[in-house]
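Report on the following structure.
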Amino acid sequence: MCDFKDKVVLVTGANRGIGRSIAEQFAVLGANVAVAARSKQNAEAVAEELGGGAAPFVLDVDDVDSIAACVKAVLERWGKIDVLVNNAGITRDGLAMRMKEADWQAVIDSNLTGAFNCTKAVLRPMMKARSCCVVNISSVVAAMGNPGQPNYCAAKAGLEGLTRSLAYEYADRGLRFNAVAPGFISTHMTDALGDDQSAALMEKIPLKRLGTGEDVAKAVIFLASEDASYITGQVLHVNGGMFMG
Ligand code: NDP
């Protein structure tokens, strides 16, 4: 079950947080993991820590040339990409009436356009290889909305729509597209929450804890595995029960 030996997995934003956990879990299961990060040093450090089949690649999802160069380098090294995990993302929170155009655009660019461009770059090699898949990291707020995050909620809701559209477009080529929507996960992104915000949050989580990167990684592994071969166009929520659909 969930054997990724000889599989090639590209994880964006793999140098920390959820992306690092995802890269680590795939590495444990024997995959060749392309640890993609904006900084060469960060990518190298994580690839070295993971060992085995992990290798570092530079990737800025805001830059189409960087995406093309990264995909080319991964294909040169391993000849294929079986799994793409679009994990890289940012927040630039603020109420809509005060939100700067640049903050709106940056969040749409990294979380949505970046994922689209990374996916577009792997589509041809994936269609050639068949039986490949993409897992997008969305967020619970795509479905719930969140005051102070109109840009982020719009980007993640867009990512889920993109996931479903691509699932239709490439099903007959053997490709699957799914998303994982984490709730609140303990990472650099949630470190920014104050004590009051964290306490209020805990009230809303029936399982009474923040999630971990590993909780998210396990859902990603499942969707990328053969066990999920009949699942496409879906969003899997990993949120301790704070949103049940
Ligand atoms: P972190 O802030 O800890 O990590 C974000 C990662 O994305 C970093 O590796 C960062 O690289 C990378 N990144 C940001 N912008 C770019 C870019 N332009 N090109 C390449 N890499 C980039 O966040 P999390 O680990 O918490 O979040 C990971 C994903 O999970 C995101 O998509 C986020 O939206 C989603 N998510 C997180 C939740 C949470 O509670 N933590 C909840 C729901 C969803 P660098 O180190 O260079 O900045």
Side-chain angles (χ1 to χ4, degrees), residues 9-19 22-23 34-39 42-43 57-75 81 83-94 96 99-127 132-146 148-170 175-182 187-189 216 220 223-224 232-235:
V9 181
L10 169 56
V11 183
T12 73
N15 55 294
R16 63 178 154 103
I18 293 172
I22 293 168
V35 175
R38 274 196 282 211
S39 137
N42 287 346
F57 296 87
V58 174
L59 173 66
D60 181 343
V61 302
D62 291 341
D63 176 353
V64 281
D65 292 336
S66 167
I67 294 171
C70 175
V71 168
K72 185 166 177 275
V74 176
L75 291 172
I81 297 171
V83 180
L84 165 67
V85 183
N86 282 312
N87 165 78
I90 59 166
T91 51
R92 296 276 187 278
D93 296 351
M99 181 161 287
K100 294 191 180 77
E101 163 71 19
D103 289 339
W104 169 269
Q105 201 57 52
V107 168
I108 299 292
D109 287 349
S110 299
N111 293 280
L112 178 56
T113 311
F116 172 71
N117 284 329
C118 289
T119 304
K120 197 173 167 198
V122 302
L123 278 175
R124 281 183 200 284
M126 280 192 167
M127 282 193 287
C132 299
C133 72
V134 175
V135 181
N136 292 319
I137 306 302
S138 180
S139 168
V140 65
V141 300
M144 291 178 72
N146 201 18
Q149 290 195 310
N151 48 359
Y152 185 71
C153 296
K156 294 300 192 184
L159 187 61
E160 293 185 6
L162 174 67
T163 304
R164 288 187 281 270
S165 292
L166 295 174
Y168 275 119
E169 277 188 28
Y170 301 100
L175 308 190
R176 296 184 300 109
F177 296 82
N178 290 294
V180 171
T187 69
H188 185 259
M189 207 174 253
V216 179
V220 173
L223 287 172
T232 195
Q234 303 302 313
V235 178

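Note that these values count all heavy atoms, side chains included, but never hydrogens, waters or copies made by symmetry.
Side-chain N or O atoms of E160 include none that pairs as donor or acceptor with a backbone N or O of G158 at under 3.5 Å. A donor-acceptor contact shorter than 3.5 Å is absent between the side chain of T163 and the backbone of N178. Counting only distance, with no hydrogens or angles, the side chain of N15 and the backbone of R38 share no donor-acceptor pair below 3.5 Å. A donor-acceptor pair is defined here as one N or O able to donate and one able to accept, closer than 3.5 Å; such a pair exists between the side chain of S139 and the backbone of V141. When atom types are taken as modelled, the side chain of N86 and the backbone of T119 share no donor-acceptor pair closer than 3.5 angstrom. Judged purely by atom type and a 3.5 angstrom limit, N87 uses its side chain to pair as donor or acceptor with the backbone of T12. A distance-only check finds a donor-acceptor pair linking the side chain of K156 to the backbone of I137 [under 3.5 Å]. A distance-only check finds a donor-acceptor pair linking the side chain of R176 to the backbone of L223 [under 3.5 Å]. D63 places a side-chain N or O within 3.5 Å of a backbone atom of S66 that can act as its donor or acceptor partner.
Atom CD of Q105 is separated from atom CE of M99 by 11.5 Å, given to the nearest 0.5 angstrom. Atoms CZ and CG, on F116 and L166 in that order, are 7.5 Å from each other to the nearest 0.5 Å. Atom SG in C70 sits 9.5 Å away from atom CG in L75 (nearest 0.5 Å).
Counting only N and O atoms by type, the side chains of S110 and D62 include a donor and acceptor under 3.5 Å apart.
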Could you walk me through whether I108 and T113 pass side-chain contact (heavy atoms from CB on, under 4.5 Å), step by step?
CA-CA 6 Å; I108 299 292; T113 311; 4.2 Å; yes

Tell me, with the steps shown, if L10 and F57 meet side-chain contact (heavy atoms from CB on, under 4.5 Å).
CA-CA 9 Å; L10 169 56; F57 296 87; 5.6 Å; no

Report the C-alpha separation of R164 and V235 in whole Å, then their side-chain angles, then the decisive distance to 0.1 Å, and conclude whether the side-chain contact (heavy atoms from CB on, under 4.5 Å) test is met.
CA-CA 9 Å; R164 288 187 281 270; V235 178; 4.0 Å; yes

One pair to check against side-chain contact (heavy atoms from CB on, under 4.5 Å): R16 and T187. What are the steps and the verdict?
CA-CA 8 Å; R16 63 178 154 103; T187 69; over 6 Å; no

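Residues A142 and A157 share a closest heavy-atom pair of CB-N, 3.6 Å. Heavy-atom minimum distance, N111 versus Y152: OD1-CE1, 3.9 Å. A pairwise comparison of heavy atoms in R92 and N151 identifies O-ND2, 2.8 Å as the closest pair. In terms of heavy-atom proximity, Y170 sits nearest to M127 at CD2-SD, 3.8 Å. Nearest heavy atom pair, residue I18 against residue P182, reads CD1-CG, 4.4 Å. Contact between A121 and I67 at its shortest, heavy atoms only, is CB-CG2, 3.7 Å.
Among the candidates T232, V134, L123, V122, the single residue satisfying the side chain to side chain contact (heavy atoms under 4.5 Å, CB included) test with L175 is L123.
For the pair V35/V11, no side-chain contact is recorded, criterion being any heavy-atom separation below 4.5 Å from C-beta on.
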